[in-house]
Trainee: 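So that we are looking at the same thing, I have put the structure below in structure tokens.
We name chains A, B, ... by the order of the sequence lines, and we start the count at 1 in each one. Keep in mind that what you see is a predicted model, and the values were worked out from it rather than measured.
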Amino acid sequence: GNSVTQMEGPVTLSEEAFLTINCTYTATGYPSLFWYVQYPGEGLQLLLKATKADDKGSNKGFEATYRKETTSFHLEKGSVQVSDSAVYFCALTPGGFKTIFGAGTRLFVKA
Amino acid sequence: NAGVTQTPKFQVLKTGQSMTLQCAQDMNHEYMSWYRQDPGMGLRLIHYSVGAGITDQGEVPNGYNVSRSTTEDFPLRLLSAAPSQTSVYFCASSHRGLAEKLFFGSGTQLSVL
């Protein structure tokens, strides 16, 4: 079946630190991959996406590369800010209309 | 500039009561869906619809009913609420197509006592 596994949180970093949140997936075929972000009290919003192998999605300093050989889509940012504190969800769409989400990783950034 | 609108934002029910969570979108999206969010489990798909008059079950459909009479609205009905349905519920919509991003509402926090 299709599934997404994310690293457990919470992740606590100091401002300007490097961020990596690991995400691996299991899917049949060639899924599209996404990272969504949820700020406190809000719904999820798309952060970035990649639709085929070796594609790199990027937005607001965040990046993730679609690695088919390792079935991974790790989220990275070179220098985090306090305003990046949120919950991050890795997700995939295996080709139909269902989007499958990981459990989410909470990030705390300290000033 | 409304996007996806969910009501109510908070609701407390007693076991056995029924209620409807409302969801409306003004983006003419074909696809609409309901998720529940529980700690440590991410978002799980309850029901979804690919157009007016068409609905299908997701991962956790038991105890929930949906209908899609218009493109704009996709209400979720709890038939007989149970404590296991205490959760945060999100409605989402998107254009019909591969790799289309989901637009989410702000959520409904439901407690069943």
Trainee: Between B:Lys101 and A:Tyr36, is a side chain to side chain contact (heavy atoms under 4.5 Å, CB included) present by the stated rule, with each step listed?
Mentor: CA-CA 9 Å; B:Lys101 74 176 187 180; A:Tyr36 283 84; 4.1 Å; yes
Trainee: More than 12 heavy atoms of other residues, nucleotides or ligands under 6.0 Å from CD of A:Glu16: yes or no?
Mentor: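 Counting neighbours around CD of A:Glu16, 12 or fewer heavy atoms of other residues, nucleotides or ligands fall under 6.0 Å, so no.
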Trainee: Say you draw a straight line from CZ of B:Phe104 to CD of A:Gln45; how long is it, rounded to the nearest 0.5 Å?
Mentor: 10.5 Å
Trainee: Out of curiosity, does B:Val88 fall in the hydrophobic cluster containing B:Tyr64 (side-chain heavy atoms, cut-off under 4.5 Å, transitive links)?
Mentor: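 Cluster IDs for B:Tyr64 and B:Val88 differ.
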Trainee: Indicate if A:Phe34 and B:Leu45 have the same hydrophobic cluster label, given that clusters are the connected sets of ILVMFWY residues with side-chain heavy-atom separations under 4.5 angstrom.
Mentor: yes
Trainee: Go through B:Leu43 and A:Thr99 one step at a time and tell me if the side chain to side chain contact (heavy atoms under 4.5 Å, CB included) criterion holds.
Mentor: CA-CA 9 Å; B:Leu43 278 78; A:Thr99 298; over 6 Å; no
Trainee: Shortest non-hydrogen contact from A:Ala103 to B:Gly40?
Mentor: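 Distance-wise, the nearest heavy atoms are CB-O, 3.5 Å.
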Trainee: Considering residues, nucleotides and ligands other than B:Gln17, do more than 12 of their heavy atoms fall under 6.0 Å from its CD?
Mentor: yes
Trainee: Under 4.5 Å heavy-atom distance to chain A, tell me which part of B:Leu102 shows up: side chain, backbone, both or neither.
Mentor: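 Both parts, backbone and side chain.
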Trainee: With clusters defined by side-chain heavy atoms of hydrophobic residues (ILVMFWY) lying less than 4.5 Å apart, directly or transitively, does A:Leu48 cluster with A:Ile100?
Mentor: yes
Trainee: Shorter than 4.5 Å, heavy atoms on both sides: which option in A:Leu92, A:Leu46, A:Leu33 has the most such pairs with chain B?
Mentor: A:Leu46
Trainee: With rounding to the nearest 0.5 Å, note down the distance linking NZ in A:Lys98 to CD in B:Gln57.
Mentor: 9.0 Å
Trainee: Return yes if some donor-acceptor pair links the side-chain N/O of B:Tyr35 with the main-chain N/O of A:Phe101 below 3.5 Å, else return no.
Mentor: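 Answer holds: no.
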Trainee: Between A:Gln38 and B:Phe90, what is the shortest heavy-atom contact and its length?
Mentor: NE2-CZ, 3.3 Å
Trainee: Near A:Tyr30 OH, under 6.0 Å, is it more than 12 heavy atoms from other residues, nucleotides or ligands?
Mentor: no
Trainee: Report yes or no: do A:Val80 and A:Ile21 belong to one cluster of Ile/Leu/Val/Met/Phe/Trp/Tyr joined by side chain heavy-atom distances under 4.5 Å?
Mentor: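 Linked within one cluster.
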Trainee: Between B:Gln37 and chain A, with a heavy-atom cut-off of 4.5 Å, which part of the residue counts as in contact: side chain, backbone, both or neither?
Mentor: side chain
